[in-house]
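Inspection log for the structure reproduced underneath, given as structure tokens.
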Amino acid sequence: MGDRDEAKPTVHAYTALVQGLSRAGKVDEAREWIREMRRHRVPPNAHTYSTIVDALVRRGDVGGAEAVVEEMREDGVEPTAVTYNTLLKSCVSNRSDETNSTMDSASRDSRDSPETTGSSEASTSSSREETERVNLDRARRVLESMRAAGVDTTVVTYNTLIDACIKNGEPTEATMGVLG
């Protein structure tokens, strides 16, 4: 019995750990486990990285999610449809920390001001429209990147893009620009 090789964690075991930590909001710890995987010569796979991308998108760190995708590529792991769809979700959700803090502070300022004017409301509305436009433009870039990488689009891809177009007030774009 003492002659058996010691069991070593597989990519699936490590990925389960990374996923659990990510879902618990412990993204930094999850990323540390990816480094640990490399130290033990267990290469992370697309699912491992996509789990972290999803956690970062959920907490509004789109830049961090995009950096993880770049790290993926540098490690020779190609993003999958799931990875790209997760990035697309970030374009629709408007959950970026910077966007929310800007919009929240503008809303607070206009509510707290004794002289709330139409120009303040127009400024907040303009800011929101600009953010939504930027997100739709980012969605287009993600789609272009996905296509350039040869990754097949899915029903989730198109549903997410259609949602982005509709929220941006461009239903025609959904049928002609994005789906074309």
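Bear in mind that the values here come from a model prediction, so they are computed numbers and not experimental data.
- Taking OG1 from Thr153 and OH from Tyr158, the interatomic distance works out to 3.0 Å, rounded to the nearest 0.5 Å.
- Looking at Val69 and Tyr49, their side chains never come closer than 4.5 Å, going by heavy atoms from C-beta outward.
- Side-chain contact between Ile52 and Ile34 is present, with heavy atoms from C-beta onward closer than 4.5 Å.
- Residues Val82 and Val92 are members of separate hydrophobic clusters, defined by side-chain heavy-atom contacts under 4.5 angstrom among Ile, Leu, Val, Met, Phe, Trp and Tyr.
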(request) Test Thr48 against Tyr14 for side chain to side chain donor-acceptor pair (under 3.5 Å), laying out the working first. (result) CA-CA 8 Å; Thr48 313; Tyr14 277 115; over 6 Å; no

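- Nearest heavy-atom pair across Leu143 and Leu161 is CD2-CD1, 3.7 Å.
- Salt-bridge check for Asp28 with Arg31: failed, with every basic side-chain N at 4.0 Å or more from each acidic carboxylate O.
- At a threshold of 4.0 Å, the pair Lys89-Asp54 counts as salt-bridged, since one of the basic side-chain nitrogens sits closer than that to a carboxylate oxygen.
- With no hydrogens or angles considered, no side-chain donor-acceptor pair links Ser90 and Arg58 at under 3.5 Å.
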(request) List the steps and the verdict of side-chain contact (heavy atoms from CB on, under 4.5 Å) for Met146 and Asp152. (result) CA-CA 8 Å; Met146 185 177 189; Asp152 291 334; over 6 Å; no

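- Residues Ser50 and Thr83 bring a donor and an acceptor atom of their side chains to less than 3.5 Å of each other.
- A donor-acceptor contact closer than 3.5 angstrom links the side chains of Thr154 and Asn85.
- Salt-bridge formation is detected for the pair Glu32/Arg39: a Lys NZ or Arg NE/NH1/NH2 atom is positioned less than 4.0 Å from an Asp or Glu carboxylate oxygen.
- With sequence neighbours excluded, the residues that form a side chain to side chain contact (heavy atoms under 4.5 Å, CB included) with Ala65 are Val53, Leu56, Val57, Leu87.
- Salt bridge annotation for Arg38-Glu71: present, with a cationic side-chain nitrogen under 4.0 angstrom from a carboxylate oxygen.
- In terms of modelled atom types and a separation under 3.5 Å, the side chain of Asn45 and the main chain of His47 share a donor-acceptor contact.
- In terms of modelled atom types and a separation under 3.5 Å, the side chain of Ser145 and the main chain of Arg141 share no donor-acceptor contact.
- Ion pairing between a basic and an acidic side chain is recognised when a charged N comes within 4.0 Å of a carboxylate O; Glu70 and Arg73 show such pairing.
- No side-chain heavy atom of Thr157 sits under 4.5 Å from any side-chain heavy atom of Tyr84.
- Linking Ile, Leu, Val, Met, Phe, Trp and Tyr whenever their side-chain heavy atoms come within less than 4.5 Å puts Leu17 and Met37 in one cluster.
- One hydrophobic cluster holds both Val77 and Val151 under the rule that ILVMFWY side chains link at heavy-atom gaps under 4.5 Å.
- Distance CD/Glu66 to CZ/Arg138: 6.0 Å, rounded to 0.5 Å.
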(request) Show the numbers, then the answer: is there a side-chain contact (heavy atoms from CB on, under 4.5 Å) between Leu136 and Cys165? (result) CA-CA 7 Å; Leu136 185 55; Cys165 291; 4.0 Å; yes

